[in-house]
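Accompanying notes for the structure given below.
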Number of protein chains: 2
Amino acid sequence: MNAEKKLTELKREDIIEAAVNEFKTNGFRATSMDRIAATARVSKRTVYNHYASKEILFQAITQELCDRVMQVSEHPYDPEIPVKIQLHDIAEQEIALLTSAEFLDMVKMITSESLASPELTKTNFESFQDYNIGMVEWIKSASGDGKLSVTDPVRASKQFLALIETFALWPQLYGVKPVPEKKQQKTIIDSAVEMFLCTYGVSK
Amino acid sequence: MNAEKKLTELKREDIIEAAVNEFKTNGFRATSMDRIAATARVSKRTVYNHYASKEILFQAITQELCDRVMQVSEHPYDPEIPVKIQLHDIAEQEIALLTSAEFLDMVKMITSESLASPELTKTNFESFQDYNIGMVEWIKSASGDGKLSVTDPVRASKQFLALIETFALWPQLYGVKPVPEKKQQKTIIDSAVEMFLCTYGVSK
DNA sequence: AAAAGTAAACTACTTAGTGTACTTTAATTA
DNA sequence: TAATTAAAGTACACTAAGTAGTTTACTTTT
């Protein structure tokens with residue numbers, strides 16, 4: 001009977017869910033396979049039947065989370081809308097991602113493991129490296145449209161994101177500060193946009 | 001005979017040196033006390049005679065490294081020198097710190113542990129949080145002198161540092177990119193100074 | 001003589017991963 | 001539809017390895 005889902009699929013989902021939670025809260029090393037099995041309410045043997053080793057499970061989990069989180073980063077340029085407005089929109093999208101619990105959990109998880117054993121998370125960083133491509137393209141378009149004066153779009157994009165991350169990602173990663181409120185987010189965005197346009201904006 | 005140093009001091013130094021190296025390369029969890037003892041060519045009991053537990057040893061090591069690295073961050077304001085030149089100097093000092101092997105090793109060590117168990121490294125972050133105070137003071141002085149127009153010196157300081165860190169700290173922490181060459185460092189500094197003065201500089 | 005160091009065995013515990021005998025689930029055949 | 005078969009799950013004992021920290025009997029340094 002295939003009325004709902006096959007048992008084996010349900011089990012796999014339980015395992016992933018449990019592993020995500022455990023890895024998220026305790027990291028790779030501090031999480032045992034026994035614990036994941038117990039949390040998933042599944043026998044340990046079943047975990048190993050789905051994932052041959054702890055490393056393979058971890059990589060499946062991080063890849064899953066990366067895919068889940070890294071989707072939207074397209075920023076199509078619209079010549080009809082002032083660049084300032086568009087920049088605000090981009091910043092809002094970025095800050096929404098950075099401050100989401102899933103994103104932060106994923107960054108923590110991958111960070112704490114990657115520093116100890118870089119090869120375990122190498123593929124994840126390919127995703128990370130590319131996550132500002134959307135903005136780079138937007139900057140190129142705006143420059144081509146004569147609304148910005150940017151010689152190095154990749155650098156400009158990183159600078160803009162850095163002005164946001166320094167308030168809305170790194171302090172939270174280290175647990176030093178809580179995720180900023182909406183009001184604080186607006187201030188962060190405003191000052192980043194101001195600084196960016198002051199440097200790269202074309203005065204009319 | 002106190003001709004050189006007392007034996008017990010020499011042993012302690014051997015232990016610290018070995019522990020620094022082991023923690024640096026393998027992190028807290030992956031380093032065993034047996035290994036530290038072996039590396040220091042000292043019996044394990046001697047390690048425990050100096051440091052009652054692995055945690056205490058780790059904290060002693062991180063504190064030691066913090067103190068060793070976090071010393072210079074004073075940036076006295078000089079009204080005789082153009083702010084642009086002074087900013088360059090500040091940026092050079094900062095980038096020299098960020099790109100030093102000791103600093104990067106320490107950040108890696110503390111980061112990878114703090115994400116798994118924040119309480120272990122809590123005290124270290126007090127040092128980290130304060131490391132831009134020197135620049136905040138400089139900005140206040142320059143503003144008071146009418147050479148800058150800054151309403152929030154703490155934010156401005158973080159922005160300036162973010163423009164450097166995004167190229168000379170975070171990519172290196174994640175092993176994505178090597179430490180930038182001197183020439184690249186100059187570019188990073190120039191663009192950070194340009195962006196900062198464009199936003200906060202007072203046109204004469 | 002007292003303080004510190006040493007080697008090595010030892011405790012008590014955790015963990016990744018395997019093997020086995022048995023039960024449940026789902027699909028195929030009769 | 002009912003019986004059969006194979007795939008998947010389970011419980012649990014087990015291996016092999018590692019580790020923090022202790023104890024002990026002995027040696028070296030001050």
Side-chain angles (χ1 to χ4, degrees), chain A residues 1-62 109 112-113 116-117 119-121, chain B residues 1-62 109 112-113 116-117 119-121:
Chain A
M1 272 136 238
N2 208 344
E4 319 210 343
K5 275 183 179 173
K6 288 191 192 121
L7 180 74
T8 181
E9 268 312 305
L10 290 173
K11 294 287 174 185
R12 167 174 270 121
E13 282 164 23
D14 288 349
I15 293 168
I16 288 188
E17 198 194 319
V20 166
N21 284 330
E22 293 298 323
F23 284 141
K24 238 156 61 168
T25 42
N26 306 111
F28 178 75
R29 273 170 231 264
T31 299
S32 73
M33 293 295 263
D34 289 86
R35 207 179 152 74
I36 290 171
T39 305
R41 272 174 301 188
V42 142
S43 89
K44 184 159 78 155
R45 209 66 183 76
T46 299
V47 176
Y48 277 98
N49 283 341
H50 282 280
Y51 301 96
S53 75
K54 193 180 168 184
E55 293 216 348
I56 287 171
L57 175 58
F58 184 77
Q59 280 166 330
I61 264 46
T62 52
M109 204 172 98
S112 78
E113 225 19 65
S117 45
E119 62 298 339
L120 195 63
T121 51
Chain B
M1 273 136 236
N2 207 344
E4 320 209 344
K5 275 183 181 176
K6 286 191 192 120
L7 180 73
T8 182
E9 267 313 305
L10 290 173
K11 294 288 173 184
R12 168 175 268 119
E13 282 164 23
D14 287 348
I15 293 167
I16 287 189
E17 198 193 321
V20 166
N21 284 330
E22 292 299 323
F23 284 141
K24 238 158 59 169
T25 42
N26 305 112
F28 178 74
R29 275 169 230 265
T31 298
S32 73
M33 293 295 262
D34 289 85
R35 207 179 152 75
I36 290 171
T39 305
R41 273 175 300 189
V42 142
S43 89
K44 186 158 75 154
R45 205 62 187 84
T46 300
V47 177
Y48 277 98
N49 282 341
H50 282 280
Y51 300 95
S53 75
K54 193 180 166 183
E55 292 216 348
I56 287 170
L57 176 57
F58 183 77
Q59 280 165 332
I61 264 46
T62 51
M109 204 171 98
S112 79
E113 223 22 63
S117 46
E119 60 301 337
L120 194 63
T121 51

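Predicted model, so just to flag it, every value in this text is computed and none were measured.
Here D:dT19 presents its C1' atom at 15 Å from CG of B:N26, a figure rounded to the nearest Å. Put simply, CG on B:L7 is 6 Å from P on C:dG5, counting in whole angstrom units. For the pair A:E9 CD and D:dA7 C1', the interatomic distance rounds to 14 Å; values are reported in whole Å. Taking atom CG of residue B:L57 and atom P of nucleotide D:dT19, one finds them 15 Å apart after rounding to whole Å. Between the C1' atom of C:dG5 and the CG atom of B:D14 lies a distance of 12 Å, rounded to the nearest Å. Rounded to whole Å, the distance from CD on B:E22 to C1' on D:dT19 is 15 Å. Note: CG (B:L10) to C1' (D:dT29) measures 12 Å, nearest angstrom. A:K11 has its NZ atom 9 Å from the P atom of C:dT25, to the nearest Å.
For DNA chain D, the neighbouring residues in residues 27-44 of chain B, judged by any heavy atom under 4.0 Å, are B:T31, B:S32, B:M33, B:K44. Near-neighbour residues of DNA chain D inside residues 47-55 of chain B, defined by a heavy atom below 4.0 Å, number-ordered: B:Y48, B:S53, B:K54.
Atoms OG1 and CD, on A:T62 and A:E113 in that order, are 10.0 Å from each other to the nearest 0.5 Å. A distance of 11.0 Å separates CD1 in B:I61 from CD in B:E17, rounded to the nearest 0.5 Å.
For A:T25, the side chain to side chain contact (heavy atoms under 4.5 Å, CB included) criterion is met by no residue, not counting sequence neighbours. A search for ring pair (Phe, Tyr, Trp, His ring centres under 6.0 Å) contacts involving A:F58 returns A:F23, A:F28, not counting sequence neighbours. The side chain to side chain contact (heavy atoms under 4.5 Å, CB included) test applied to A:A60 returns A:Y51, not counting sequence neighbours.
Between A:R29 and A:K54, the shortest heavy-atom distance links the atoms O-NZ, 3.5 Å.
In terms of phosphate contacts, B:T46 brings a side-chain nitrogen or oxygen within less than 4.0 Å of OP1 or OP2 of C:dT6. When the side-chain nitrogen and oxygen atoms of A:T8 are compared with OP1 and OP2 of D:dA7, none of them lie within a distance under 4.0 Å.
Side-chain contact between B:E9 and B:E13 is present, with heavy atoms from C-beta onward closer than 4.5 Å. The shortest side-chain heavy-atom distance between B:L57 and B:H50 does not fall under the 4.5 Å cut-off.
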Scan the side chains in residues 32-45 of chain B for donor-acceptor partners under 3.5 Å anywhere in the protein, sequence neighbours excluded, and list what turns up.
from	atom 1	to	atom 2	distance (Å)
B:S32	OG	B:R35	N	3.1
B:D34	OD1	B:K44	NZ	3.3
B:R35	NE	B:E22	OE1	2.7
B:T39	OG1	B:E22	OE2	3.2
B:T39	OG1	B:R35	O	2.9
B:S43	OG	B:R45	N	3.4
B:S43	OG	B:T46	N	3.3
B:S43	OG	B:T46	OG1	3.2
B:R45	NH1	B:N49	OD1	3.3

